[in-house]
Amino acid sequence: MAFFKVNENCNGCLACVQNCPAGALNYFDQEDSRKILHNMSLCARCGHCWRVCPQDAIEFKVLLTGRFDLVTTLDLVHCKVCGEPIYTASLGATVSNNTQTIEPLCPDHKGSEPVNVWKKLAPKRTSQPKESSNPERVPIGDDV
Amino acid sequence: MIVGEHKPIEEIIESVKEYNNVLVVGCQTCVAVSLTGGDRAARLMTEALSHAFKDRKTLHIFENSMLERQCEKDWIEPFFDLPEGVEAILSLACGAGVQTMADVFKGIPVLPGLNTTFIGALDAAGVLNEKCVGCGDCLLGLTGGICPIARCAKRLLNGPCGGSSNGKCEISISLGRDVECAWHLIVERLKELDKLDNYEKISETKNWAPGGAGGPRQLVHPGETPF
């Protein structure tokens, strides 16, 4: 999908090409056809082409409301207690190299002690306390 | 670019409190880069106002809407759908944007969310410094690309003054941060450029009329010259 859309009203007059202050529009004539080009990297989104077009051929709203492009995809690390995605494997490796190995724990479970994490991971026991006596600590067992 | 700072939230709350349905409108150009008027700033402002009015009996609805530039009148109407029932618009644009919006939406109060502060440059991430006052008669060609009007506290045309010490301006003390002496920078730059003879040229009294002292300024393009 192009961000710059020209509708069927365009008659190839080149008003847009000649008046683009950023040089983002260009054209070439090839055999029996005229081709008009737009370069999004050069475009200043100033709307001047839309203003000067005598044919109302430029659908400028398309450019203003463009979609997001997927730029990259990375593997995720999940919290080992609740499974919430927390950071990418690549970031984890970078931080671990620079400091120390980091536990894959989300903010909710970061404060919990390893034994509490283990309790969560382990099969539930009926003898687990219902509430933590220390309000600073993250609740464990059935209350997590 | 034009730099704007958020008005104190208390001032904004005071200005919008009489309206039940306020639309927060960001501007995606200059003030977005100065981190005060873009999409994110509009969302944060909406959240802050929603929070501030959450306990009121009157219903306040704050909706986000974005404009690429609020300072282009012919751009606003075709691409901007004003939600029904909006009683006031809180504009996170510079003063030019607020006035253009007020001109377009004549029946609705347009309130400023920013204080437009200066024309500046981004010197580091999140650090903008004033570099131009729009004096209308640029002399950067003589001063090695450093503006003594915008960057000298006294706007001296023939400097430095006696308040320059070790390359710093005396206002550093009162401001609590280091401010470079513009004329010190100019002399050093002219040395690098081997243009110190420029420093010997005495600038005469400046005409401030092109800088706005002669009334509101206007630029009219007689016509476009095709490339």
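Below, read A as the first sequence line, B as the second, and so on, with proteins coming before strands; counting in each chain starts at 1.
- A/Lys61 contributes atom NZ, which lies 14.0 Å from atom CD of B/Glu68 (distance to the nearest 0.5 angstrom).
- Residue-level contacts of residues 39-47 of chain A with chain B, in order of numbering, are A/Ala44, A/Arg45, A/Cys46, A/Gly47; threshold 4.5 Å between heavy atoms.
- At most 12 non-hydrogen atoms from other residues, nucleotides or ligands lie less than 6.0 angstrom from CD of B/Glu5.
- At most 12 heavy atoms of other shown residues, nucleotides or ligands fall within 6.0 angstrom of atom CG in B/Asp81.
- For A/Arg34, the CZ atom is densely surrounded, since the number of other residues' heavy atoms within 6.0 Å is greater than 12.
- Under a cut-off of 6.0 angstrom, the local environment of NZ in B/Lys131 is crowded, with over 12 non-hydrogen atoms contributed by other residues, nucleotides or ligands.
- Scanning both residues, A/Trp50 and B/Asp74, for their nearest heavy atoms gives CH2-O, 3.2 Å.
- Within the model, atoms CZ of B/Phe79 and CZ of A/Phe60 stand 6.5 Å from one another, a figure rounded to the nearest 0.5 Å.
- Within 6.0 Å of CG on A/Asp29 lie more than 12 heavy atoms contributed by other residues, nucleotides or ligands.
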